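Contents: one structure, followed by commentary.
Order of the sequence lines fixes the chain letters, A, B, ..., with proteins taken first and strands second; residue numbering starts at 1 for each chain. Treat the numbers as computed from the prediction; the structure is a model and nothing was measured.
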Number of protein chains: 2
Amino acid sequence: MAVTCPHNPEVNCTDCRMNSLCLPIALELDEVERLNQIVQRGRPLQKDSHVYNVADEFSAIYAVRSGSIKTYNVSDQGAIQVTGFFLPGEIFGIDGIAHTHYVSAAVAMETSAICEIPFSRLEELSMTMPSLQRHFFKLMSKEITNDQQLITLLSKNSAEERVATLLLSISSRNAKRNLSSLRFRLPMSRADIGNYLGLTVETVSRVFSRFQKQGLLEVDKKEIEIKDIDALQELSNI
Amino acid sequence: MAVTCPHNPEVNCTDCRMNSLCLPIALELDEVERLNQIVQRGRPLQKDSHVYNVADEFSAIYAVRSGSIKTYNVSDQGAIQVTGFFLPGEIFGIDGIAHTHYVSAAVAMETSAICEIPFSRLEELSMTMPSLQRHFFKLMSKEITNDQQLITLLSKNSAEERVATLLLSISSRNAKRNLSSLRFRLPMSRADIGNYLGLTVETVSRVFSRFQKQGLLEVDKKEIEIKDIDALQELSNI
DNA sequence: AAAGCCCCTTGACCCAAGTCATTTTAGATC
DNA sequence: GATCTAAAATGACTTGGGTCAAGGGGCTTT
């Protein structure tokens with residue numbers, strides 16, 4: 001395999017370092033190649049630039065190749081709700097399928113590269129590739145169970161429990177990418193975390209401070225070091 | 001069309017009064033018949049009996065034919081989170097697809113009849129019936145956007161706003177079934193409402209009382225009459 | 001290097017909703 | 001119709017997290 005820059009648009013699915021987490025995971029080698037044919041790779045996105053915006057026409061779903069993406073909904077009154085943070089290998093844009101237009105927006109939280117998968121082509125491919133159809137069903141169903149876990153978190157858990165759960169989620173998703181599960185850089189702002197978890201920035205900040213004081217974390221701006229993962233898990237226990 | 005009892009297990013998809021809301025909505029007549037072939041209809045379920053339970057093997061999704069169903073998740077520590085209320089024509093059990101076993105449970109809130117749709121048969125059928133595949137994708141995507149609306153509600157709205165939103169949701173879903181949108185019987189308990197909305201029973205009860213005092217509702221146990229739908233919409237505005 | 005901006009942190013205060021306790025009501029069972 | 005039980009309503013009190021306000025540190029811009 002060639003050595004590749006993480007934002008390199010030339011990488012194909014077969015060689016992509018994320019293929020063990022991304023759509024190809026359920027496919028045979030020749031199937032991956034057929035999927036690869038329909039995937040479109042653009043140039044890297046700068047921080048804060050949109051992949052798609054609310055009311056854009058829905059035509060594709062996306063995979064993160066490098067960097068990180070956040071998605072958010074905008075209510076009729078303009079209120080913003082962050083609905084997800086997506087790391088390399090993760091799929092976003094699925095919510096657009098039910099409608100002809102996106103109901104959410106997706107923004108790069110840092111310089112990021114993404115793969116665009118035109119949905120109509122994916123549907124066609126699914127018709128002839130049972131494993132892809134099944135995987136795609138699973139992917140959507142996984143998104144549903146994720147959302148339901150967030151619902152439970154918001155509905156039943158305290159600020160500390162919510163923050164602990166998010167940190168552990170990022171930690172374990174990092175581990176899957178062979179990154180450190182105990183030391184990492186949060187790609188999102190405190191405001192994003194608060195919005196996602198249904199808390200104010202002040203509360204998020206206070207929780208980070210408290211965790212630091214209690215020796216659970218070492219926090220330096222966005223750099224996080226988990227010092228007592230057991231205590232976090234105790235708080236989170238999901 | 002034959003006159004049928006709402007719990008009658010003999011009804012088929014072609015004649016079912018819910019077919020304009022349920023899976024058949026996207027299908028041609030002959031396709032509905034093919035769908036009908038794989039649908040299994042059991043005897044009516046009594047109140048409080050389970051359609052499936054947490055950790056049951058996943059093998060089918062379900063449609064409500066009559067009555068009403070609630071779904072809930074159970075966390076490792078046994079905490080219950082009600083994740084949805086389902087009325088006739090609505091589909092539930094989709095979250096099981098990502099896993100081999102259900103992560104949720106489904107219970108009849110009153111005497112109910114349901115249709116069981118074996119998932120493997122549905123997958124096969126989808127492979128040869130693009131409109132069914134597409135509809136099913138949409139259904140799952142719709143579930144995702146529903147969940148995300150609930151996330152926003154829990155994360156950003158007050159107790160009054162949450163309750164108003166739920167009442168309006170039930171009201172409009174009733175209207176689609178040619179039932180009254182202003183007078184109806186809530187199938188769920190105050191405890192279920194509270195659990196679903198992330199509130200205590202006491203708070204739900206107090207909100208109902210306040211709404212009644214303000215002339216927005218007439219409440220008699222589970223019988224609800226909406227007296228000022230504009231005021232409710234003002235509160236909900238989603 | 002000064003100025004401006006944004007993000008984050010911290011403190012003081014307040015209120016919506018939670019907790020706890022009691023009463024009322026409606027069915028269910030005998 | 002008397003007794004039990006569960007659901008619902010209401011009041012008194014408490015509290016976690018929101019609100020408001022102020023301050024600090026690290027960017028970029030000039």
Side-chain angles (χ1 to χ4, degrees), chain A residues 46-48 70 79-82 107 109-111 152-167 185-214 216-225 235, chain B residues 46-48 68 70 79-82 85 107 109-111 152-167 185-214 216-225 235:
Chain A
Q46 293 304 307
K47 179 168 161 45
D48 294 331
K70 74 172 177 201
I80 285 176
Q81 171 68 46
V82 174
V107 169
M109 294 191 289
E110 58 193 309
T111 304
T152 306
L153 195 68
L154 292 173
S155 153
K156 303 278 183 291
N157 293 95
S158 70
E160 293 197 350
E161 291 162 344
R162 296 184 206 184
V163 173
T165 302
L166 176 61
L167 289 174
R185 181 182 172 78
L186 292 175
M188 70 293 278
S189 68
R190 300 287 192 270
D192 286 336
I193 294 175
N195 188 301
Y196 177 71
L197 294 176
L199 303 169
T200 58
V201 205
E202 293 93 327
T203 299
V204 174
S205 183
R206 277 188 257 266
V207 170
F208 274 117
S209 300
R210 227 174 300 153
F211 281 175
Q212 200 164 201
K213 215 167 290 169
Q214 294 165 342
L216 309 196
L217 294 181
E218 201 59 57
V219 182
D220 176 24
K221 276 256 311 167
K222 298 192 168 175
E223 297 291 338
I224 302 286
E225 182 176 358
L235 272 173
Chain B
Q46 294 306 305
K47 180 171 161 44
D48 293 332
S68 53
K70 75 173 178 203
I80 284 176
Q81 172 68 46
V82 174
F85 301 117
V107 169
M109 295 192 287
E110 58 194 310
T111 303
T152 305
L153 194 68
L154 292 173
S155 151
K156 304 277 184 291
N157 293 95
S158 69
E160 293 197 351
E161 291 163 344
R162 297 183 206 184
V163 172
T165 302
L166 176 62
L167 289 174
R185 181 182 170 77
L186 293 175
M188 70 294 279
S189 69
R190 300 287 190 271
D192 286 336
I193 294 175
N195 188 302
Y196 177 71
L197 295 176
L199 303 169
T200 58
V201 206
E202 293 94 325
T203 298
V204 173
S205 184
R206 278 188 255 265
V207 170
F208 273 117
S209 300
R210 228 176 300 154
F211 281 175
Q212 200 166 203
K213 218 167 287 170
Q214 296 165 341
L216 309 196
L217 295 181
E218 201 60 58
V219 181
D220 177 23
K221 272 257 315 164
K222 298 191 168 176
E223 297 290 338
I224 301 287
E225 182 177 358
L235 273 173

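- When each of C/dA17, D/dA7, C/dT19 is scored by its nearest atom to the side-chain atoms of B/K221, the top-ranked nucleotide is D/dA7.
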Audit row: A/F208, A/L217, side-chain contact (heavy atoms from CB on, under 4.5 Å) steps and yes/no
CA-CA 8 Å; A/F208 274 117; A/L217 294 181; 3.8 Å; yes
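- Taking atom CG of B/N157 as the reference point, atom P of C/dA16 lies 15 Å away to the nearest angstrom.
- Contact annotation: B/S189 side-chain N/O to D/dA7 OP1/OP2 distance is not under 4.0 Å.
- Among all heavy-atom pairs drawn from B/L235 and B/E161, the shortest one is O-CG, 3.3 Å.
- For the atom pair NZ (B/K70) and CE (B/M188), the distance works out to 9.5 Å, reported to the nearest 0.5 Å.
- Atom OG of A/S189 sits about 9.5 Å away from atom NZ of A/K221, to the nearest 0.5 Å.
- With hydrogens and angles ignored, the 3.5 Å screen pairs no side-chain donor or acceptor of A/R190 with any backbone N or O of A/V204.
- Straight-line distance from the CG atom of A/L154 to the C1' atom of D/dG18: 16 Å, rounded to whole Å.
- What you find for B/Q81 and A/S155 is that their closest heavy atoms are OE1-OG, 2.8 Å.
- One interatomic measurement links the two molecules: CD of A/E223 to C1' of D/dG26, which rounds to 14 Å at whole-angstrom precision.
- Only B/E202, B/T203, B/R206, listed by number, bring a heavy atom of residues 201-214 of chain B to less than 4.0 angstrom from any atom of DNA chain C.
- Between its two ends, the helix from C/dA1-D/dT30 to C/dC30-D/dG1 turns its axis by 50°, counting five pairs per end and rounding to 10 degrees.
- The separation between A/E160 atom CD and D/dG18 atom P is 13 Å, rounded to whole Å.
- A donor-acceptor contact shorter than 3.5 Å is absent between the side chain of A/E110 and the backbone of A/K47.
- Protein atom CZ of B/R190 is 19 Å distant from nucleotide atom P of C/dT24, rounded to whole Å.
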Name each donor-acceptor pair under 3.5 Å that joins a side chain in residues 195-202 of chain B to protein atoms two or more places apart or in another chain, with its distance.
from: B/N195; atom 1: OD1; to: A/K156; atom 2: NZ; distance (Å): 3.3
from: B/N195; atom 1: OD1; to: B/V82; atom 2: N; distance (Å): 2.7
from: B/N195; atom 1: ND2; to: B/I80; atom 2: O; distance (Å): 3.0
from: B/T200; atom 1: OG1; to: B/T203; atom 2: N; distance (Å): 3.3
from: B/T200; atom 1: OG1; to: B/T203; atom 2: OG1; distance (Å): 3.0

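- Rounding to whole angstrom units, NZ of residue A/K222 and C1' of C/dC8 are separated by 10 Å.
- The distance from atom CD of A/E110 to atom C1' of D/dC27 is 18 Å, rounded to the nearest whole Å.
- Residue B/G194 is out of contact with every strand shown, counting any heavy-atom pair closer than 4.0 Å.
- Here CG of A/L186 is found 6.5 Å from CG of A/L167. Values are rounded to the nearest 0.5 Å.
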